[in-house]
Amino acid sequence: MTDLLPDLHTLQTGQCFPLYYYKKEAVSQGTLFNAEKDEYARKDGITDFIQKRCRDCYGPKVNKEDIFFYVYGLLHSQDYRQAFAADLKKMLPRLPLVEKPADFWAFSKAGRALADLHLNYESQPALPEVKVEGVESGKFHVTKMRFPNKGDKSVIEYNPWIRVSNIPLEAYDYVINGRSAIEWVMERYQLKIDKASGITNDPNDWTEEHEKPRYILDLLLSVITVSVETVKIVRELPGLCSE
């Protein structure tokens with residue numbers, strides 16, 4: 001999910017299915033030589049065909065945004081992912097329409113909530129139950145975050161001075177490409193030196209350049225929140241099997 005115009009390499013030669021897109025159209029200027037100027041007209045990514053189908057099934061109030069977020073909610077369904085696991089590995093998703101109007105609206109509402117979380121992940125407040133010790137030191141430089149106790153992911157040692165604890169373990173159930181979102185942050189935001197070139201990749205350079213010393217710590221705390229809230233929403237999604 002992105003709120004920016006992506007190219008096809010946003011996710012390594014991927015594909016984009018937008019809520020809307022822009023199509024170039026030549027517009028006559030009405031001059032002596034009938035000059036034309038390129039302008040871009042906004043087009044709906046959701047077709048009139050599927051909107052009519054959804055309105056027939058779920059009521060006349062269904063708009064194209066509702067369908068867009070229905071899709072995003074449905075793609076997070078564990079029932080859906082398990083039922084179509086083999087197909088999803090080799091082809092584009094085929095999306096069923098649920099039988100009950102209440103389920104459609106539940107998926108659409110969940111999709112909106114998930115989109116808000118995932119688009120605005122950096123601005124999510126830290127969970128009140130998560131404890132952060134050592135911030136008064138003012139030392140936010142990070143080398144490599146780690147779990148100090150093997151087998152206990154409720155505690156993350158941010159650096160020798162700062163410690164994050166009481167992390168809800170269900171946060172690690174939010175998995176992206178085989179790894180929890182929290183562990184992606186831990187892996188990406190560490191100091192690395194490329195053996196071949198000797199080039200140093202230091203995430204602290206960005207925080208210093210932008211005068212945001214707490215950015216990486218706050219990002220970790222925000223991603224914990226996003227993970228917990230995502231898991232909560234996904235667990236409340238309706239089942240796909242009709243009763």
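Here the structure is a predicted model, which means the values were calculated and not measured.
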Residue pair L240, S77: steps toward the side-chain contact (heavy atoms from CB on, under 4.5 Å) verdict: CA-CA 8 Å; L240 289 183; S77 164; 4.1 Å; yes
From CA spacing to verdict: salt bridge (Lys or Arg N to Asp or Glu O under 4.0 Å), K64, D48: CA-CA 9 Å; K64 292 183 178 182; D48 293 337; 2.6 Å; yes
Derivation of the side-chain contact (heavy atoms from CB on, under 4.5 Å) call for L221 and D218: CA-CA 5 Å; L221 297 173; D218 288 336; 4.3 Å; yes
I67 vs Q51, side-chain contact (heavy atoms from CB on, under 4.5 Å): CA-CA, chis, key distance, verdict: CA-CA 7 Å; I67 299 168; Q51 184 181 29; 4.0 Å; yes
side-chain contact (heavy atoms from CB on, under 4.5 Å) evaluation trace for Y158 with I216: CA-CA 9 Å; Y158 178 81; I216 299 173; 3.5 Å; yes
Check against side chain to side chain donor-acceptor pair (under 3.5 Å), H118 and T2: CA-CA 8 Å; H118 300 162; T2 177; over 6 Å; no
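Checking side-chain atoms of N201 against main-chain N and O of I193 turns up no donor-acceptor pair under 3.5 Å. In this structure a side-chain-to-backbone donor-acceptor pair under 3.5 Å is missing from T225 to Q124. For D7 (side chain) and T10 (main-chain N/O), a donor-acceptor pair under 3.5 Å exists by modelled atom type. Side-chain atoms of N159 come within 3.5 Å of backbone N or O of K139 as a donor-acceptor pair. Side-chain N or O atoms of Q190 include one that pairs as donor or acceptor with a backbone N or O of E187 at under 3.5 Å.
No side-chain heavy atom of V155 sits under 4.5 Å from any side-chain heavy atom of I167. In this structure, the side chains of I224 and L127 come closer than 4.5 Å at one or more pairs of heavy atoms. In this structure the side chain of E157 never reaches within 4.5 angstrom of the side chain of F147, judged on heavy atoms. Here the side chains of R163 and K131 are not in contact, with every heavy-atom distance at 4.5 Å or above. Within the 4.5 Å cutoff, the side chain of E129 has heavy atoms near those of the P168 side chain. For the pair V226 and N120, the minimum side-chain heavy-atom distance is 4.5 Å or more. In this structure, V135 and W161 have side chains that are not in contact, with every pair of non-hydrogen atoms separated by 4.5 Å or more. Residues D103 and E99 form no side-chain contact, since every pair of their non-hydrogen atoms from C-beta on lies 4.5 Å or further apart.
In the model, S154 has a side-chain atom that pairs as donor or acceptor with a side-chain atom of D152 under 3.5 Å. Looking at S197 and D194, their side chains do bring a donor and an acceptor atom within 3.5 Å of each other.
Looking at E170 and R235, no side-chain N of the basic residue comes within less than 4.0 Å of a carboxylate O on the acidic one, giving no salt bridge. Salt bridge present: D56 and K52 bring a charged side-chain N and a carboxylate O closer than 4.0 Å.
Residues Y21 and V71 are members of separate hydrophobic clusters, defined by side-chain heavy-atom contacts under 4.5 angstrom among Ile, Leu, Val, Met, Phe, Trp and Tyr. The hydrophobic cluster containing W206 also contains F140, counting ILVMFWY residues as joined when their side-chain heavy atoms lie under 4.5 angstrom apart, directly or transitively. Note on V185: it clusters hydrophobically with I176, by side-chain heavy-atom contacts below 4.5 Å among ILVMFWY residues. One hydrophobic cluster holds both L119 and I233 under the rule that ILVMFWY side chains link at heavy-atom gaps under 4.5 Å. Under a hydrophobic clustering in which Ile, Leu, Val, Met, Phe, Trp and Tyr are joined whenever their side-chain heavy atoms come within less than 4.5 Å, directly or via other members, M145 and L191 fall into different clusters.
In the displayed structure, L5 atom CG is contacted under 6.0 Å by at most 12 heavy atoms of other residues, nucleotides or ligands. With a 6.0 Å radius and a threshold of 12 heavy atoms from other residues, nucleotides or ligands, K144 has its NZ atom at or below the threshold. Enclosure of atom CZ in R214 by more than 12 non-hydrogen atoms of other residues, nucleotides or ligands within 6.0 angstrom is indicated. Under a cut-off of 6.0 angstrom, the local environment of CD in E211 is sparse, with at most 12 non-hydrogen atoms contributed by other residues, nucleotides or ligands. More than 12 heavy atoms of other residues, nucleotides or ligands lie within 6.0 Å of CZ in R81, so this atom counts as buried by the packing criterion. The neighbour count for Y121 OH, taken as heavy atoms of other residues, nucleotides or ligands under 6.0 Å away, does not exceed 12.
Taking both residues in full, the closest heavy atoms of S227 and A181 are given as OG-CB, 3.9 Å, listed atom of the first, atom of the second, then distance.
Note: Y70 and F107 have perpendicular aromatic rings, judged against thresholds of 30 and 60 degrees for the angle between ring planes.
Taking CZ from F17 and CG from L92, the interatomic distance works out to 4.5 Å, rounded to the nearest 0.5 Å. One finds the CG atom of D202 at 7.5 Å from the OG1 atom of T200 (value rounded to the nearest 0.5 Å). The line from OG of S108 to CG of N63 is 8.0 Å long, rounded to the nearest 0.5 Å. Atom CG of L219 and atom OG of S123 lie 11.0 Å apart (nearest 0.5 Å). Rounding to the nearest 0.5 Å gives a distance of 11.0 Å between CD of E133 and CD1 of I162. Interatomic distance, K153 NZ to Y172 OH, rounded to the nearest 0.5 Å: 7.0 Å.
In this structure, F68 has its ring center no closer than 6.0 Å to that of Y72. Aromatic rings of H76 and Y174 (six-membered ring for Trp) have centroids beyond the 6.0 Å cut-off, not under it. Aromatic pair Y58/W105: centroids not less than 6.0 angstrom apart.
Relative to the ring axis of Y40, K24 does not place its NZ or CZ within 45° and under 6.0 Å from the centre. Remark: R42 is positioned above the aromatic ring of Y20, its terminal NZ or CZ atom under 6.0 angstrom from the ring centre and at most 45 degrees off the axis.
D66 pairs in a side-chain hydrogen bond (donor to acceptor under 3.5 Å, both in side chains) with only one of the listed residues (K109, R55, R112), which is R112.
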